[in-house]
Student: 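Please see the structure below; I have some questions.
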There are 2 protein chains.
Amino acid sequence: MATSERASARPISAADYRRLAAFRHALRRFLAFSEAAARKAGITPQQHQALLAIKGAPSAAGVTVGYLARQLLLQPNSAAELADRMVNCGLLVRGEAADDRRRVLLCLTPSAEKALQALSTAHIRELRESAPVVDGLLELLKPGGAKSHRRQRTAST
Amino acid sequence: MATSERASARPISAADYRRLAAFRHALRRFLAFSEAAARKAGITPQQHQALLAIKGAPSAAGVTVGYLARQLLLQPNSAAELADRMVNCGLLVRGEAADDRRRVLLCLTPSAEKALQALSTAHIRELRESAPVVDGLLELLKPGGAKSHRRQRTAST
DNA sequence: GCGACTATATCGTGTCACGATATAATTCAA
DNA sequence: TTGAATTATATCGTGACACGATATAGTCGC
């Protein structure tokens, strides 16, 4: 069974590995840019993500800890800890939901708004530059990339 | 100066924040998929990244610790520690470069090859599915992105 | 051969997410 | 209503991992 496992049935070509590696490298570069930008703005990368998730939420009146956890793909307790650190940093304020007093509404402070705006401007600029690169890398993996059935027109490479 | 800083000269619209948040959420989802896949294969996400970086490198005879550090955007000492953990796990073997005995050549073991192949297959499949989504989100941020086809050039908000 | 430089390794530290658990608030059934 | 089950958030101890500072080994120019 180990010999004909489905996952190993179709060998990956050297070109596939190169493309995957290049894609992940591009991803890391973007994330590194983002982290550096956040730290330059005086906040941690996770805090930046949290600010964006809150600011980009449908409800403009603040979001709950649970919402933050779902957006950031964190466990609820981790989101509560993150929110706690951000409150201590003066980035967020906690409020209570009127209808359900278990819930805590997280709202950005003015300084957080300011930092997020600057970061968002920089990120939009960066994305406009690097999007074509990522696009190109995704393109290579998408169509007949690892190819198996269809033949693509060989562009040399 | 703080009031008219360049970074804050152009306010970001609510739609921009939503788009940026959606983009980052999609990115986190992909990374979460990747992490879960790696852990299911019995390795850590960083180890998976390292295996891919090594396997996708131009030289097929192993890569140096320094190369690994540059590809993963880590400090050299962190790459050495990562390599150390991977050798202890039986994922890598260290070899010496013939021309420069300071250098260490990292090579995948058979079990690492097997794990990486399975992971790569899963990742290519996942990327083919989620690429259109990421594409769409990038599209929105790219061109005139933040805005609208109609009536841009706004002087207002 | 000697000093400057490069490549890798070691050690102590700090951050952060997690599991387990606790506390508070809501819901629902009887 | 009461009170058990459920949901939302918070607390605490732990572990993984990247880092800075530093150490060691190897190479190169002179």
Side-chain angles (χ1 to χ4, degrees), chain A residues 28-29 31-32 34-36 38-40 42-51 53-54 57 59 61-89 91-107, chain B residues 28-29 31-32 34-36 38-40 42-51 53-54 57 59 61-89 91-107:
Chain A
R28 285 189 294 269
R29 280 177 52 88
L31 294 175
S34 183
E35 292 192 16
R39 294 194 194 280
K40 201 160 57 177
I43 64 179
T44 70
Q46 292 83 358
Q47 289 171 348
H48 170 218
Q49 303 267 313
L51 292 181
I54 296 170
S59 78
V63 306
T64 65
V65 171
Y67 176 86
L68 186 63
R70 287 188 296 276
Q71 284 304 114
L72 298 193
L73 304 180
L74 292 176
Q75 296 302 312
N77 57 348
S78 301
E81 292 173 330
L82 174 59
D84 208 39
R85 292 191 294 270
M86 295 177 76
V87 169
N88 289 339
C89 286
L91 291 169
L92 294 182
V93 290
R94 275 189 235 255
E96 290 187 351
D99 57 330
D100 186 342
R101 295 211 323 286
R102 290 172 301 179
R103 296 187 170 179
V104 169
L105 290 183
L106 304 171
C107 295
Chain B
R28 284 189 295 269
R29 281 177 52 90
L31 293 175
S34 183
E35 292 191 17
R39 294 194 195 281
K40 201 160 55 176
I43 64 178
T44 70
Q46 291 83 0
Q47 289 172 348
H48 170 218
Q49 303 266 313
L51 291 180
I54 295 170
S59 78
V63 306
T64 65
V65 171
Y67 175 87
L68 186 62
R70 286 188 296 276
Q71 284 304 113
L72 299 192
L73 305 180
L74 292 176
Q75 295 303 311
N77 58 347
S78 301
E81 291 173 330
L82 175 58
D84 209 40
R85 291 191 295 269
M86 295 177 76
V87 169
N88 289 339
C89 286
L91 292 169
L92 295 181
V93 289
R94 275 188 235 254
E96 290 187 351
D99 57 331
D100 186 341
R101 294 213 322 285
R102 290 173 302 180
R103 296 188 172 176
V104 169
L105 290 183
L106 304 171
C107 296

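Chain identifiers are assigned alphabetically (A, B, ...) following the order of the sequence lines, protein sequences preceding nucleic acid strands; residue numbering begins at 1 within each chain. What you see is a predicted model, and the numbers here were worked out from it, not measured in a lab.
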Student: Mark up nucleotides 19-30 of chain D, 5' to 3', with B wherever a protein heavy atom is under 4.0 angstrom from a base atom, S wherever such an atom reaches only the sugar-phosphate, and - elsewhere.
Tutor: BBB----BS---
Student: Is it the case that the side chain of A:Ser78 and the backbone of A:Glu81 share a donor-acceptor pair, with hydrogens and angles ignored and the cut-off at 3.5 Å?
Tutor: no
Student: Mind calculating the distance between CG (A:Asp84) and P (D:dC12) to the nearest angstrom?
Tutor: 10 Å
Student: Does any part of the side chain of A:Val65, heavy atoms only, come nearer than 4.5 Å to the side chain of A:Leu82, both counted from C-beta?
Tutor: no
Student: Can you tell me how far apart CZ (A:Arg28) and CD (B:Gln71) are? Round to the nearest 0.5 Å.
Tutor: 6.5 Å
Student: Which residues, if any, of residues 42-51 of chain A bring a heavy atom under 4.0 Å of DNA chain D?
Tutor: none
Student: Just wondering, do B:Leu73 and A:Leu31 contact through their side chains at under 4.5 Å, heavy atoms?
Tutor: no
Student: Quick one: are B:Gln46 and B:Arg85 in side-chain contact, heavy atoms under 4.5 Å?
Tutor: no
Student: Could you state the CZ-C1' distance from A:Arg94 to D:dT11, rounded to the nearest angstrom?
Tutor: 12 Å
Student: Distance check, rounded to the nearest 0.5 Å: A:Met86 atom CE versus A:Arg94 atom CZ?
Tutor: 11.0 Å
Student: Find the distance B:Leu82:CG to C:dT10:P and express it as a whole number of Å.
Tutor: 14 Å
Student: Rounded off to whole Å, could you give me the CE-to-C1' distance for the B:Met86 and D:dA16 pair?
Tutor: 15 Å
Student: To the nearest Å, give me how far apart CG (A:Asn88) and P (D:dT11) are.
Tutor: 10 Å
Student: From CD of B:Gln71 over to C1' of D:dA18, roughly how many Å is that when rounded to an integer?
Tutor: 18 Å
Student: Roughly how many Å is it from CD in A:Glu35 to P in C:dT15, rounded to a whole number?
Tutor: 15 Å
Student: Whole angstroms only, please: what is the CG-P distance between A:Leu106 and D:dA10?
Tutor: 8 Å
Student: Considering all heavy atoms of both residues, which atom of A:Ser59 and which atom of A:Gly62 are nearest to each other, and what is their separation?
Tutor: OG-O, 3.1 Å
Student: Identify all side-chain donor-acceptor contacts of residues 98-107 of chain A below 3.5 Å with residues at least two apart in sequence or on another chain.
Tutor:
from: A:Asp100; atom 1: OD1; to: A:Arg102; atom 2: N; distance (Å): 3.0
from: A:Asp100; atom 1: OD1; to: A:Arg102; atom 2: NE; distance (Å): 3.1
from: A:Asp100; atom 1: OD2; to: A:Arg102; atom 2: NE; distance (Å): 3.4
from: A:Asp100; atom 1: OD2; to: A:Arg102; atom 2: NH2; distance (Å): 2.8

Student: Taking atom CZ of B:Arg29 as the centre, report whether more than 12 heavy atoms of other residues, nucleotides or ligands fall under 6.0 Å from it.
Tutor: no
Student: Counting heavy atoms from C-beta on, name the nucleotide in D:dA8, D:dC17, C:dT8 closest to the side chain of B:Arg85.
Tutor: D:dC17
